Structure formats: C-alpha cells, structure tokens
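In what follows, a single structure is set out as structure tokens and then discussed.
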Amino acid sequence: MIDRRTLALASASAALFAPRVLRAQPVTEITVHYAQPVIYKEAYDAITAEFARREPNIRINYVTTVNYEEGMQLILRQAAAGGLPDLSYQGFNRLRLFAERGIAQDLTPLLAREGDPASHGYSAQMLSLGHFGGIQSGLAFAASNPICFYNPDLVRRAGGNPDALPTDWNGILALSAKIKALGDGIEGMHYAWSSDDWMFSALLFGHGGRMLTEDERDIAFAGPEGLASMVLLDRMVKEGGMANLSRDAAAQAFAAGRMGMFFWTTAMIRGSLQQVGRNFQLRTTAMPVIDAQKGRLPTGGAAGMLVTKDGPKREAAWKFLRFSTSPEGTSLMARNTGYVPTNQLAIDDDKHLGEFYRRNPLYVPATRQMAISIPWYAFPGSNSVRVTQSVVNNSGRIVEQRATPEQALADMAGEVRRLLPRARG
C-alpha cells in the first residue's frame with residue numbers, strides 16, 4: 001500500500017528528473033536602413049554576423065539606398081506615409097533636417113543610462129558630428145576625409161617621385177599636366193566634384209572659409225575663400241588638364257591604370273583595391289595643404305539615427321546602434337571600408353586596429369588628417385538637397401568651361417541665398 005508520504009516523494013522525484021522544457025525567447029525583428037551598399041555592405045555584413053552571436057534574439061532586416069540623398073528622401077517619404085525603419089544611418093549633413101523635424105530620437109538619455117560616454121569611446125569631437133537641433137540626433141558610425149589616390153607607375157613615368165608627391169596644389173597641377181602629356185589617352189587627375197557639396201567644401205574649408213555666416217542668415221562662401229576655391233577648380237582644368245568625366249568614369253579610368261591621381265573619399269580604399277587588382281600598386285597620400293594655419297577638411301561619413309518609438313524595437317535598435325559604434329563594431333567597419341573609426345577606444349587601444357594600420361599604410365593618411373577635420377556642414381531648412389545641387393551644377397559649369405569662377409560663384413550665391421529659410425535680401 002502506498003501512503004501519501006511515499007506518493008509525495010515519488011511526485012517530487014519525477015519532477016526533479018523530468019526533462020526541462022525551455023521557453024524560447026521571443027525574437028525581435030528590426031529594420032535598419034543604410035546608404036551606399038557599394039561601400040558599406042561588407043562592413044554591415046561583418047557587424048551583423050558578430051552582433052548575431054551576441055544577441056541571437058534580435059534579427060536585422062536591411063533596407064538600402066544608392067546614396068545619402070536618396071536615403072534622406074526615403075525617410076522623409078516614409079515619415080509622411082508610414083513604414084519607417086527602426087534605425088537609419090544617414091550622412092552627417094542630413095541629420096540636422098531629421099532633428100528639426102522631430103524624426104530623429106534624442107540619444108542623450110540612452111547614453112546617460114550607460115554612464116560617461118567617454119568611457120565607452122564616444123569623444124566630444126565625435127559626438128558633435130551627430131549633435132543637431134539641441135539633441136544628440138545620431139552616433140557617428142563612419143568618418144572620412146578626402147585623400148589622394150595615385151598610380152606610382154604613371155607618376156614615375158612623368159618624372160615625378162612616387163615616394164614624395166607634391167604637398168601643394170601648384171605641384172599637383174604641374175604633375176598632372178606632365179602625366180597627361182604622356183599621351184595615349186592617359187589622364188593626369190580627377191577631383192570628384194560632381195557628387196555633392198562635400199568636395200567643394202574641402203576646397204572652401206582648406207582656404208579657411210565657411211558656408212554660411214555664424215548666425216546662418218546669409219551665405220559666407222561668396223567671399224575670397226569661395227572665389228579661390230572656384231579658381232582652383234578652374235586651374236585643375238586649364239593647368240592640370242582635368243577632363244570633364246563623371247565620378248564613376250574617372251574611377252574606372254583610374255582603376256584601369258589610365259589616370260595618375262584621383263582625389264576622393266578615403267572610404268573608397270577597399271573598393272579601389274579590389275578594382276585596381278594587379279593593374280598597379282595603389283598608393284594614397286594626404287590632400288595638398290592650402291592654408292597651413294586656417295585650413296580644414298570636411299568630415300564625411302554616416303551616423304546611426306534612432307527612429308522607432310516602439311519599446312522593444314527601440315531597445316533592440318539601440319543595442320545594434322551601440323554595437324556598431326563600439327570599439328569592436330567600428331573596427332569591423334574600418335577594416336571593411338576605408339573610413340576612419342569613430343570610437344576613440346578603437347583608435348587609442350592598439351589591440352583593435354594598431355596592427356591593421358601597420359600592415360595597411362593606405363589607410364593612414366586619413367587618420368592623420370582627422371586633426372584638421374571639422375563637421376560636414378548641414379544647411380538649415382528643407383532645401384538642403386537643392387542647395388547641394390546648386391553647388392554641383394555651378395562647379396560643373398567651371399569644369400565644362402561654360403562659366404568663369406566669378407560668374408559661377410555669383411550665380412551659386414544668388415541661388416543658395418534664395419533657398420535659405422532665413423535669408424536676407
């Protein structure tokens with residue numbers, strides 16, 4: 001006969017040795033947008049794979065756009081019609097618009113929740129790249145500045161020294177002319193003016209100029225610094241022999257060994273290496289110095305902008321944003337692109353990228369230029385894309401030799417002044 005005590009012991013024993021049923025943790029799916037997969041895809045793939053090992057219950061679905069401008073338009077459309085992603089990586093110069101329109105979430109409380117941002121590698125300089133509208137509208141993910149890619153074989157054939165390229169524009173233009181004089185369709189140089197206002201700002205900032213006045217009520221680029229920038233672009237054509245090529249056509253010519261120097265973003269190092277292959281030994285160097293005291297360079301790149309207000313998705317998106325901008329995440333980004341890391345711990349701690357930079361000198365010039373890099377200027381108001389197009393169009397008139405520097409600058413000044421939200425007459 002089995003008494004109650006025996007029955008209780010048996011029940012307890014059965015419960016002890018019964019197989020445990022583990023409850024599956026819910027999976028949170030988030031949608032992440034980024035631009036320029038031609039540059040970033042390998043970096044995001046590497047970051048996602050590592051993040052999945054750390055956070056197996058968060059699933060990432062990506063949406064991509066060809067460039068930052070289309071990415072901005074996508075988010076603006078979806079903000080009006082619905083379907084916004086949870087997290088979007090936007091160009092630094094577009095964050096201001098999202099902050100002013102209330103689309104970007106303020107990251108300050110989330111950062112404060114984790115303690116001193118500097119202890120996690122978020123320096124004041126890098127945080128400033130994503131600070132607009134009085135809020136921390138984004139966290140810097142990738143930073144860049146313009147550098148010179150060059151073909152040492154063509155430099156040598158033209159009588160130059162590939163181990164010591166000229167450090168001023170006079171020397172660069174003279175070398176470009178000599179390379180073009182080699183004939184057989186070889187081009188001396190290309191300055192990537194046609195993408196947006198970034199490369200124009202590199203010349204303007206290099207002369208010590210600025211886009212708008214301090215109160216942002218009027219333009220400031222129409223002064224001596226702006227004219228000197230337009231004159232230099234004109235000299236690239238007249239003295240350096242720069243042809244009117246699209247950026248993509250110039251990149252193809254350079255990769256094929258048919259161009260001596262190509263001035264563009266450091267972000268394209270990895271892609272350029274793949275395109276050049278064995279055609280020649282790719283080299284890079286710093287942008288020529290314009291004004292040694294006042295000269296600066298624009299910081300290109302992207303920042304992660306938190307969009308969703310949904311609780312679980314917001315937490316998941318924040319975890320991904322934090323990892324992508326952590327020392328580990330930004331190191332993966334730097335290795336798989338050409339961008340400069342944006343986390344100070346990744347820069348300072350040799351264990352992250354020290355050996356990588358020692359073995360990959362192509363990436364070094366951009367890191368050295370960060371000391372003179374300032375934020376990519378973000379124009380106020382809703383016409384920022386039209387402002388950018390005005391800069392590109394008027395730069396194109398110079399390259400096509402349809403306008404003098406004075407004419408192009410005056411027209412650009414008039415167009416941009418009319419597009420400013422608080423313009424003075």
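For the single chain, residues carry numbers from 1 onward in sequence order. These figures come from a predicted structure and were not determined experimentally.
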Whether F323 and F51 hold their rings parallel, tilted or perpendicular, with breakpoints at 30° and 60°: tilted

Parallel, tilted or perpendicular, as decided by the 30° and 60° cut-offs, for the rings of Y62 and F320: perpendicular

Do we see a donor-acceptor contact under 3.5 Å between the side chains of [X] and [Y]?
X    : Y    : result
N394 : E415 : yes
T65  : H33  : yes
R314 : T308 : no
R113 : T108 : no
W376 : D197 : yes
D106 : Q136 : no
E239 : W169 : no
S123 : Q125 : no
T213 : D215 : yes
Y339 : Y40  : yes
Y363 : R335 : no

Side-chain ion pair, E225 and R210, N-O less than 4.0 Å: no

Check: [Y] main-chain N/O paired with [X] side-chain donor or acceptor under 3.5 Å:
X    : Y    : answer
D234 : M230 : no
S373 : T299 : no
R96  : A378 : yes
S176 : I172 : no

Ring centroid separation F280 to F254 under 6.0 Å: yes

Centroid-centroid distance, Y89 to Y44, less than 6.0 Å: yes

L76 vs F98 side-chain heavy atoms within contact, under 4.5 Å: yes

Atom CD of Q274: over 12 foreign heavy atoms under 6.0 Å: yes

Greater than 12 external heavy atoms within 6.0 Å of R156's CZ: yes

Salt bridge (Lys or Arg N to Asp or Glu O under 4.0 Å) evaluation trace for E114 with R322: CA-CA 11 Å; E114 301 187 16; R322 275 281 288 111; 2.7 Å; yes

